[in-house]
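Working notes for the structure below.
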Amino acid sequence: MKEYFVGIFENDAGAPLTYLDDERKAIDVLLLKHKETFSKEIIPNEGIDGFISKLQLLTNDMTIFHFSGHHNNDDEAIKLSDEIFNDKGLIEILNNAPKLKMVFINGCSSQKIVDALHNVPIVIGTRTPVYDHFAKTLSTRFYELLLNQKDNINASEKIEDIFNQAKGFLQGHYEDSNSAERGPMAADDIDKKVNNYSFKINTEADDFELRTIYYPDPDNFPVKNHFKTLIDGIRQEENLKEELYKYYPYFLCIHLEILSDFNDINNSIYQELSKERYWVIRSMFKEFLNFLKFSAYSIIWSISKDQPEFKAKLSEQLKEILRENLEIGWESHVQDKISEDLAFIYNNIPDKYLSKNPLWSELKDCVIQNRKLFKDVSDFFSAHLEHNKNSKHDYIKTELYLEKFLKNFKFLRSLGIESIYDVFYNQFRYDNQRSYVINKSYYPVNKRPTSLDDKKSEIFEMNDNEASLDIDIHSVYICTTQNNNEKPKRQLNLSPFYLDVNSTSVAKDKIKLYYLDRYSEATEKLIYKEVINAKVDRDNNSKKRKLGEEIEVPLDEDMILALYKDGKKDIIEIEEKKKIRDHFEYIKNLISYS
């Protein structure tokens with residue numbers, strides 16, 4: 001991969017710049033000598049039409065943008081050979097050029113442009129008017145030094161050092177053939193010209209590290225070391241004793257485990273800038289957004305059971321969005337409405353109902369505060385479905401999102417999944433009380449910070465008139481250890497949104513989750529998909545088909561009984577153990593039309 005230099009050199013016949021063409025030719029020759037490092041597009045005097053048409057083609061690929069010519073500070077515009085182009089438009093284009101590393105505006109009084117280019121890593125401009133010969137000499141000297149030290153072109157501080165070197169050569173000896181300024185004899189005047197230039201580094205620019213270091217050569221991105229340094233730093237900072245992935249709930253940890261499996265030779269493809277690693281990270285974000293969505297439903301459900309007046313406060317718009325998001329599957333092409341819908345749903349849960357549950361409040365804060373991040377992630381994954389020659393740039397971008405995920409959502413590391421796999425009515429009862437013995441599985445497993453010790457059974461006592469508890473205990477829960485005794489405490493009932501399909505098998509003590517992808521109102525079915533362990537042989541079609549299979553749970557009693565004829569007894573057993581239809585019926589009634 002190469003740097004992509006785009007140079008605009010525009011002269012004005014009414015006020016010609018004598019040395020502009022010399023500058024263009026000198027830079028063109030320099031770049032030609034280093035064609036193994038630089039691709040270039042030199043655009044001389046093509047006027048407004050050429051400027052616009054070329055920039056439309058080049059904006060999303062260029063890494064360096066250079067303009068030499070007149071800039072009018074009063075009009076706030078660059079002067080092309082036949083027209084002007086307003087600074088406002090140029091700033092908008094450059095601030096949104098995704099791979100742009102550096103901008104050099106070599107015209108008079110361009111400081112306003114420099115200040116406004118907040119999303120470009122490196123910007124060079126001028127504070128006041130500049131002299132034609134000096135502008136040409138400084139820029140050609142700068143690019144000559146830069147190309148002679150091109151190994152440093154990927155470090156912003158080094159580029160600034162090189163720019164200062166270019167100024168130093170002129171301060172040591174500058175000769176303008178059209179004036180009396182020669183070497184040290186005009187030191188004060190030369191200093192004024194040199195100090196007229198400004199150099200700015202925007203470390204807060206989007207993807208700063210990616211654009212300044214790795215875009216031209218993505219293969220140099222240290223995937224394994226970068227990620228290992230990140231997770232080791234988190235473990236050390238938080239004093240975590242085990243591997244980081246073990247502190248996350250099931251639907252997130254299986255992706256992180258793959259990415260953290262550094263020493264398994266069979267897993268090496270996930271330690272490279274590969275489409276396999278890309279899909280693991282992409283799947284993890286989808287699972288996270290799914291969890292936030294389903295948590296919102298669960299919170300609304302839980303509040304409405306305890307606070308009957310809350311149900312009446314659910315607006316028709318909120319109900320409509322909740323209904324839509326039951327019917328729309330958030331598949332691999334993450335929907336562009338995700339961030340907006342999540343924010344709207346959580347904003348419609350008043351804080352007064354959340355104050356007694358820290359996790360509920362944290363989930364709302366997570367969605368509201370990270371709305372822009374979720375939109376960026378959703379938009380990015382929606383736009384990058386295909387793999388092509390530029391895909392490695394996209395793969396690096398996913399690494400930056402992964403880093404934000406691990407740093408921004410620390411609260412997830414105290415969560416675990418609990419699944420009820422057997423419920424037995426205790427035949428002994430006292431007065432109007434009865435009891436249930438429930439058996440459950442839990443992830444993370446024993447001897448981890450969120451451990452449930454060795455007990456897998458628990459007794460629930462209830463009165464005869466507490467029938468709702470009978471539904472609740474047939475459930476999958478999200479638990480947290482953020483309490484005094486660090487024992488898991490149930491925070492959210494995630495049924496019917498997650499199913500533990502192992503609850504009916506010999507592996508009942510090992511959780512295997514499926515998530516609700518969508519509800520088909522036309523067929524009255526719930527369609528579930530596996531929380532896929534992405535570590536799968538993607539070349540093996542039989543494995544892919546098996547992982548891609550869906551579980552359909554009919555909501556009609558006759559339809560579910562008919563599954564016996566098709567040999568799908570497992571679906572019926574899951575329904576019996578998890579009370580899927582009862583759970584969903586409550587949700588459906590809660591958000592039904594008034």
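Only a predicted model underlies this, so the values are computations on that prediction, with no experimental measurement involved.
How far OH of Tyr401 is from CD1 of Ile396: 13.5 Å, rounded to the nearest 0.5 Å. Expressed to the nearest 0.5 Å, how far NZ of Lys352 lies from CD1 of Ile303 amounts to 10.5 Å.
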query: Run the side-chain hydrogen bond (donor to acceptor under 3.5 Å, both in side chains) check on Thr480 and Gln491 step by step: do they pass?
result: CA-CA 7 Å; Thr480 183; Gln491 299 285 4; 4.9 Å; no

- request: Go through the steps to decide whether Asn493 and Ser475 satisfy the test side-chain hydrogen bond (donor to acceptor under 3.5 Å, both in side chains), and finish with yes or no.
  value: CA-CA 7 Å; Asn493 185 342; Ser475 299; 3.1 Å; yes

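With sequence neighbours excluded, the residues forming a side-chain contact (heavy atoms from CB on, under 4.5 Å) with Ser503 are Tyr421, Asp500, Lys577, Lys578, listed by chain and number. Judged as a side-chain contact (heavy atoms from CB on, under 4.5 Å), and not counting sequence neighbours, Ser355 has no contacts. Under the ring pair (Phe, Tyr, Trp, His ring centres under 6.0 Å) criterion, Tyr395 pairs with Tyr278, His387, sequence neighbours left out. Listed by chain and number, the residues in a ring pair (Phe, Tyr, Trp, His ring centres under 6.0 Å) with His66 are Phe9, Phe104, Tyr143 (sequence neighbours excluded). Here Phe405 pairs with Phe285, Phe288, Phe409 under the ring pair (Phe, Tyr, Trp, His ring centres under 6.0 Å) rule; sequence neighbours left out. Scored by the ring pair (Phe, Tyr, Trp, His ring centres under 6.0 Å) test, Phe221 finds Tyr214, His226 as partners (sequence neighbours excluded).
Remark: the backbone N or O of Pro121 is not paired with any side-chain donor or acceptor of Arg211 at under 3.5 angstrom.
The local environment of NZ in Lys54 is crowded, with over 12 non-hydrogen atoms from other residues, nucleotides or ligands closer than 6.0 Å. Within 6.0 Å of the CD atom in Glu238, the count of heavy atoms belonging to other residues, nucleotides or ligands exceeds 12.
Contact between Lys407 and Leu230 at its shortest, heavy atoms only, is CE-CD1, 3.6 Å. Across all their heavy atoms, Lys200 and Val114 have their closest contact at NZ-O, 2.6 Å. Across all non-hydrogen atoms, the minimal contact from Ile580 to Pro496 is O-CB, 4.0 Å. Summarising the geometry of Ile511 relative to Ile417, their closest heavy-atom pair is CD1-O, 3.6 Å, with the distance given to 0.1 Å. Residues Lys40 and Leu31 share a closest heavy-atom pair of CD-CB, 3.6 Å.
Taking the side chain as every heavy atom from C-beta outward, Glu204 and His118 never approach each other to under 4.5 Å.
A side-chain N or O of Lys241 and one of Asn239 form a donor-acceptor pair less than 3.5 Å apart. In the model, Thr504 has no side-chain atom that pairs as donor or acceptor with a side-chain atom of Asp570 under 3.5 Å.
Checking Lys397, Lys404, Lys99 one by one against Asp207, the salt bridge (charged side-chain N to carboxylate O under 4.0 Å, His left out) holds for a single residue, Lys397. A ring-ring contact (aromatic ring centres under 6.0 Å, His included) with Tyr498 is found for one member of Phe294, Tyr515, Tyr514 and no other, namely Phe294.
Cation-pi geometry between Arg413 and Tyr247 is not satisfied (NZ or CZ under 6.0 Å from the ring centre, within 45° of the ring normal).
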